[in-house]
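Just so it is clear, the structure is predicted and the values come from calculations on it, not from any experiment. Quick note on labels: first sequence line is chain A, next is B, and so on, each numbered from 1.
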Number of protein chains: 2
Amino acid sequence: MNVKLENRVQHYRTVWMEGDVVRMIDQPKIPHSFEILELHDYKETGMAIRNMNIRGAGAIGATAGYAMAQAVLHAPKDDYGKLVGYVEEAAGYIRSMRPTAQNLFYAVDKVLDAVYGADNPEAAVISAIKTAQGIADEDADSCKRIGEHGEKLIKDGYRILTHCNAGWLAFVDYGSALSPIYVADEKGKKVFVYADETRPRLQGARLTAWELGQQGIEHKIIADNVSGWIMQLGMVDMVIVGSDRIAANGDVANKIGTYEKAVLAKENRIPFYVAAPTSTIDLDSKSGKDIPIEERDEDEVLYVRGYCNSTGKMEKVRVSPKDSHALNLAFDVTPAKYIKGIITEKGIIKPNKKSIAKLFK
Amino acid sequence: MNVKLENRVQHYRTVWMEGDVVRMIDQPKIPHSFEILELHDYKETGMAIRNMNIRGAGAIGATAGYAMAQAVLHAPKDDYGKLVGYVEEAAGYIRSMRPTAQNLFYAVDKVLDAVYGADNPEAAVISAIKTAQGIADEDADSCKRIGEHGEKLIKDGYRILTHCNAGWLAFVDYGSALSPIYVADEKGKKVFVYADETRPRLQGARLTAWELGQQGIEHKIIADNVSGWIMQLGMVDMVIVGSDRIAANGDVANKIGTYEKAVLAKENRIPFYVAAPTSTIDLDSKSGKDIPIEERDEDEVLYVRGYCNSTGKMEKVRVSPKDSHALNLAFDVTPAKYIKGIITEKGIIKPNKKSIAKLFK
């Protein structure tokens with residue numbers, strides 16, 4: 001059953017921590033039901049990342065930070081060295097859950113640094129919790145500011161294409177690609193969104209459409225194949241997508257299909273923007289070639305999950321022959337040359353080495 | 001249950017007529033079961049076109065021809081004028097089933113001309129049946145020759161991307177885009193096919209993958225979003241697709257998403273070919289702008305059909321919020337400039353007005 005949330009932002013973040021329990025909106029159930037998942041230790045929380053109960057750059061980052069805080073809370077407290085050993089093991093485990101999302105590594109390292117900066121177990125616990133909370137708060141705050149900067153690019157009446165889900169469900173709050181749209185809507189601009197359904201996991205059809213519905217933003221879902229055609233027909237004014245990792249030269253890793261949309265936008269002279277907090281930028285990746293791309297289980301392609309009227313449950317249906325296999329690459333890299341600008345919490349920058357380096361000075 | 005067909009080509013055409021009954025492979029059931037549908041009059045046969053029990057340029061054409069023959073068979077025989085009136089009404093009905101596929105109009109007109117050329121009911125019946133059978137035979141023969149011409153473009157070890165299904169299921173036999181691959185395979189060349197799944201109706205995942213499996217061709221299914229990325233990675237040597245209508249200037253209407261693949265192929269310097277019999281060419285469409293593009297029911301996007309293990313039946317699952325809508329454009333137009341060549345039964349031509357006009361001299 002769909003749950004209409006009034007003033008959702010005041011009610012729920014996508015992920016949060018109470019005591020040593022991490023709570024999150026269980027995303028595979030959306031849009032068919034709205035449920036909160038509870039995770040009691042860093043291993044459960046890590047598995048929620050791997051199984052994509054939570055996904056999206058910032059949401060993964062905040063969750064990884066909370067998982068690290070859980071590890072510190074549950075670590076042996078009789079000896080600081082033992083605590084560090086336990087937490088380092090947890091860090092390795094959490095890092096192994098998803099390979100592409102930069103925010104995951106950013107958050108794990110930040111909490112780990114906080115632990116290293118403490119000199120006794122109690123100080124480590126206090127510092128880890130504070131840091132994890134800080135990562136989540138920073139994420140929400142950055143997204144809010146991304147919305148304010150990005151809104152300036154949106155003219156009244158714009159028809160905006162987006163891919164996958166880079167809304168509040170992908171972050172702690174507000175979102176990246178959708179945040180400027182929400183701000184534009186608040187300011188009274190009329191905005192229409194085409195949501196690519198985003199196979200294989202259909203984050204566009206399921207999550208973006210649901211989010212836009214909650215926010216009251218006019219939208220239509222399209223098969224991923226349709227976006228090029230509606231660009232050619234002049235039905236799209238701009239494209240905004242999120243990112244899972246941005247290299248130092250401005251190449252952008254994001255959900256598979258992003259590269260296609262970027263090339264088509266350029267071919268049709270439509271501005272293509274990436275919206276992401278600076279925590280998504282990985283200066284150690286010199287270009288897109290250095291970004292590891294996750295390959296996921298072929299069953300995500302061979303089957304489709306959805307709500308089945310005849311059983312009243314979520315079901316997986318097979319959409320392919322029994323003997324066929326699939327190649328399921330989860331992300332792609334869009335070279336910087338296709339990107340008009342990157343909308344960060346610090347402003348809109350050009351996707352090049354110099355502009356990116358300046359953000360970190 | 002999957003049915004493994006040995007030497008399928010000798011066993012089944014995709015559609016055929018026995019007496020006044022049209023029989024066809026029921027395509028929405030593939031790959032989960034193999035069933036033959038029987039259609040007893042032109043209205044039933046027309047509805048099978050509309051509901052996509054049969055689809056694909058040549059298969060629609062042959063079916064439309066047979067439907068016209070059924071109309072002639074069932075028309076009043078006491079008066080030639082009455083027969084013509086009945087058949088003209090049927091022609092209007094059959095033409096209204098799908099708007100984009102040129103072969104449908106080609107076949108309806110051809111049988112209608114045969115009826116006009118007769119001067120009594122018996123001659124009309126004989127001529128209509130012969131013409132309908134001729135359309136089907138011509139389609140199979142053209143596709144065979146497309147295979148022979150196209151095979152020369154394929155080098156040993158090629159990895160070929162295709163979109164939707166333009167194999168034997170889309171024609172009376174052999175297919176257009178897949179026919180060169182089958183000939184290359186027969187000649188001992190190693191070929192690997194990436195099959196775009198082709199949302200919303202998943203003809204690639206369901207039909208192309210199944211056909212390739214029956215033919216023993218190595219392949220993998222990919223989400224439509226993946227094709228651009230594997231082109232960028234250098235994993236694709238050529239692209240071959242079919243067509244539903246080719247304009248006089250070489251613009252090509254084909255399954256939605258084709259335009260995206262063509263732009264990406266050009267961007268990555270990968271040759272992009274269209275394979276189609278000359279019956280797909282519509283000289284009355286001067287350019288792609290003249291080709292009507294079908295918009296289909298949004299439920300094809302909002303739901304996905306597939307085989308459900310838990311019920312042991314085909315089920316529709318909802319993959320979108322209850323309140324969201326979809327835009328479901330079924331075809332797009334690829335401008336000629338993106339196309340390296342059109343593989344016809346008369347040889348491989350450049351997609352321009354002059355080369356196309358020459359085919360009809």
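Note on B/A330, B/A205, B/P335: by heavy-atom pairs under 4.5 Å with chain A, the leading option is B/A205. Of the listed residues (B/V317, B/I30, B/L264), the greatest number of heavy-atom pairs within a distance under 4.5 Å of chain A belongs to B/V317. Between chain B and the residues A/A223, A/S324, A/G204, the most heavy-atom pairs under 4.5 angstrom are made by A/S324.
Looking at B/I230 and A/L327, their side chains come closer than 4.5 Å, going by heavy atoms from C-beta outward.
The minimum heavy-atom distance between A/E260 and B/G228, with the atom names listed, is OE2-N, 2.7 Å. The shortest non-hydrogen separation linking A/S320 to B/I221 is CB-CD1, 3.6 Å.
Side-chain polar atoms of B/Y259 and A/E267 form no donor-acceptor pair below 3.5 angstrom.
When heavy atoms are compared at a cutoff of 4.5 Å, A/T258 does not approach chain B at all. Contact annotation for B/N328: neither backbone nor side-chain heavy atoms come within less than 4.5 Å of a heavy atom of chain A. In this structure, no portion of B/T334 lies under 4.5 Å from any heavy atom of chain A.
Without hydrogens or angle criteria, A/N225 side chain to B/T198 main chain gives no donor-acceptor distance under 3.5 Å. Although no hydrogens or angles enter the test, the distance criterion places no donor-acceptor pair under 3.5 Å between the side chain of B/E197 and the main chain of A/P200.
Counting only residues at least two apart or on different chains, no ring pair (Phe, Tyr, Trp, His ring centres under 6.0 Å) pair has a member in residues 213-234 of chain A.
Between the OG1 atom of A/T311 and the NZ atom of B/K313 there is a distance of 10.0 Å, given to the nearest 0.5 Å.
Among B/H32, B/M314, B/R206, the one residue that satisfies the side chain to side chain contact (heavy atoms under 4.5 Å, CB included) test with A/R318 is B/H32.
Scored by the salt bridge (Lys or Arg N to Asp or Glu O under 4.0 Å) test, B/R245 finds B/D282 as partners (sequence neighbours excluded). Take A/F192 and apply the ring-ring contact (aromatic ring centres under 6.0 Å, His included) test, not counting sequence neighbours, and it matches A/Y194.
Among residues 292-303 of chain A, the residues having any heavy atom closer than 4.5 Å to a heavy atom of chain B are, in sequence order, A/I293, A/V301, A/L302.
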